[in-house]
Amino acid sequence: MNTFRTALATAAAAALGLAALATAPAQAAAQPAFLAASEMPKSSAPWTASKVFAGVPENGGTLCAPYKIPAQDSRYRDFSNELDAYGVQITNVARTEADAVKLVDTLRESLAGCGSQLQQQNPGMQAVSGYHGKIAVEEGAWVYSLDTADPRVGNSDIHLFAVGRDGRTVTLVRWGQMGDLKDAPLTAFRTTTKTAVNKLH
């Protein structure tokens, strides 16, 4: 009888060990996935993507909403190409879905008012924010633009931003390059945004 019980205990321990091994990859896979370089808006020069870093970029990820995304439970990836276009994707897994909704609202408010805020902070700069609608993906994604020009140095830049959410996970995607809104790949960026949100989980 003791031998039988020992065999059962050994089998149970082995089963638990196998279960732990089986759940470990599942837990690792639960981390939000990121865009690949090939999923950024098409360009005449190929995109390159950095590895995924913990936290948020040094500037908080966006000039329109600096430091709005908490570094804790956040990760990010940078994108660039030889045409001086650039991008970043940041994801944050909030403690609760209500916290995620609040973060989305905070980011959207900052992006919507970015142009006027930059002009107040930088006299002489021309900055115009635009809203380009909601994308029907998971709990939603919202697209914004920022068109800036500084007559003192004669340069102009266009930026596209998107904020999306899937459950407790929020992502911000940014694209930018020299030029104006007419030069921006808005349709392709919307596709990139939808892909980013779909890949979160």
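Pairing each heavy atom of Asp147 with each of Asp157, the nearest pair is OD1-O, 3.5 Å. Between Arg168 and Glu97, the shortest heavy-atom contact is CG-N, 3.6 Å. Residues Ser43 and Asn81 come closest through the heavy atom pair OG-ND2, 3.3 Å. Nearest heavy atoms, Ala149 versus Pro151: O-CD, 3.6 Å. Arg174 approaches Met40 most closely through the heavy-atom pair O-CE, 4.3 Å.
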Step by step, work out the side-chain contact (heavy atoms from CB on, under 4.5 Å) result for Asn155 and Asp150. CA-CA 6 Å; Asn155 70 327; Asp150 192 337; 3.6 Å; yes
Would Asp180 and Asp183 count as a side-chain contact (heavy atoms from CB on, under 4.5 Å) if you check the C-alpha gap in whole Å, the side-chain angles of each, and the deciding distance to 0.1 Å? CA-CA 5 Å; Asp180 302 306; Asp183 305 310; 3.9 Å; yes
Might you work through the side-chain contact (heavy atoms from CB on, under 4.5 Å) test for Leu146 and Leu118, ending with a clear yes or no? CA-CA 10 Å; Leu146 175 68; Leu118 286 178; 3.6 Å; yes
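In this structure, Glu39 contributes its side chain and Thr192 its backbone to no donor-acceptor pair below 3.5 Å. In this structure a side-chain-to-backbone donor-acceptor pair under 3.5 Å is missing from Trp175 to Ala162. Between the side chain of Asp99 and the backbone N or O of Ala94, no donor-acceptor pair lies under 3.5 Å. Distance alone, capped at 3.5 Å, places no donor-acceptor pair between the Arg165 side chain and the Leu103 backbone. With hydrogens and angles disregarded, no donor-acceptor distance shorter than 3.5 Å links the side chain of Arg108 to the backbone of Ser110.
Looking at Pro32 and Arg75, their side chains come closer than 4.5 Å, going by heavy atoms from C-beta outward.
By the rule that hydrophobic residues join a cluster once side-chain heavy atoms approach within less than 4.5 Å of another member, Trp142 and Val197 end up as members of separate clusters. One hydrophobic cluster holds both Phe79 and Val173 under the rule that ILVMFWY side chains link at heavy-atom gaps under 4.5 Å. Under the 4.5 Å side-chain heavy-atom criterion for grouping Ile, Leu, Val, Met, Phe, Trp and Tyr, Ile69 is connected to Val163 within one hydrophobic cluster. Linking ILVMFWY side-chain heavy atoms closer than 4.5 Å, directly or via other members, places Val170 and Val143 in two distinct hydrophobic clusters. Leu200 is not connected to Tyr76 by any chain of hydrophobic side-chain contacts under 4.5 Å among Ile, Leu, Val, Met, Phe, Trp and Tyr, and they are in different clusters.
Every residue meeting the side-chain contact (heavy atoms from CB on, under 4.5 Å) condition with Ser50, not counting sequence neighbours, appears here in chain and number order: Phe53, Arg77, Asp78. The side-chain contact (heavy atoms from CB on, under 4.5 Å) test applied to Asp105 returns Val101, not counting sequence neighbours.
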Only pairs under 3.5 Å count here: list side-chain donor-acceptor contacts from residues 123-132, not counting sequence neighbours, and write none if there are none.
| unit_1 | atom_1 | unit_2 | atom_2 | d |
| --- | --- | --- | --- | --- |
| Ser129 | OG | Gly115 | N | 2.7 |
| Tyr131 | OH | Lys134 | N | 3.4 |
| His132 | NE2 | Ser145 | OG | 2.8 |

In residues 82-93, what donor-acceptor pairs under 3.5 Å come from side-chain atoms, sequence neighbours left out?
| unit_1 | atom_1 | unit_2 | atom_2 | d |
| --- | --- | --- | --- | --- |
| Tyr86 | OH | His159 | ND1 | 3.0 |
| Gln89 | OE1 | Leu35 | N | 2.9 |
| Gln89 | NE2 | Thr171 | OG1 | 3.1 |
| Asn92 | ND2 | Gln72 | O | 3.1 |
| Asn92 | ND2 | Ser74 | OG | 2.9 |

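Here CZ of Phe189 is found 8.0 Å from CD1 of Ile135. Values are rounded to the nearest 0.5 Å. The structure places CG of Leu172 at 9.5 Å from OG1 of Thr193, a figure rounded to the nearest 0.5 Å. With rounding to the nearest 0.5 Å, the separation of OG1 in Thr96 from NZ in Lys102 is 10.0 Å. For the atom pair SG (Cys114) and CZ (Phe161), the distance works out to 6.0 Å, reported to the nearest 0.5 Å.
Val52 shares a hydrophobic cluster with Phe34; the chain of contacts runs through ILVMFWY side chains whose heavy atoms sit under 4.5 Å apart.
Sparse packing is recorded around NZ of Lys194, with 12 or fewer heavy atoms of other residues, nucleotides or ligands lying under 6.0 Å away.
For residues 139-201, no residue pair satisfies the disulfide (SG to SG under 2.5 Å) rule, not counting sequence neighbours.
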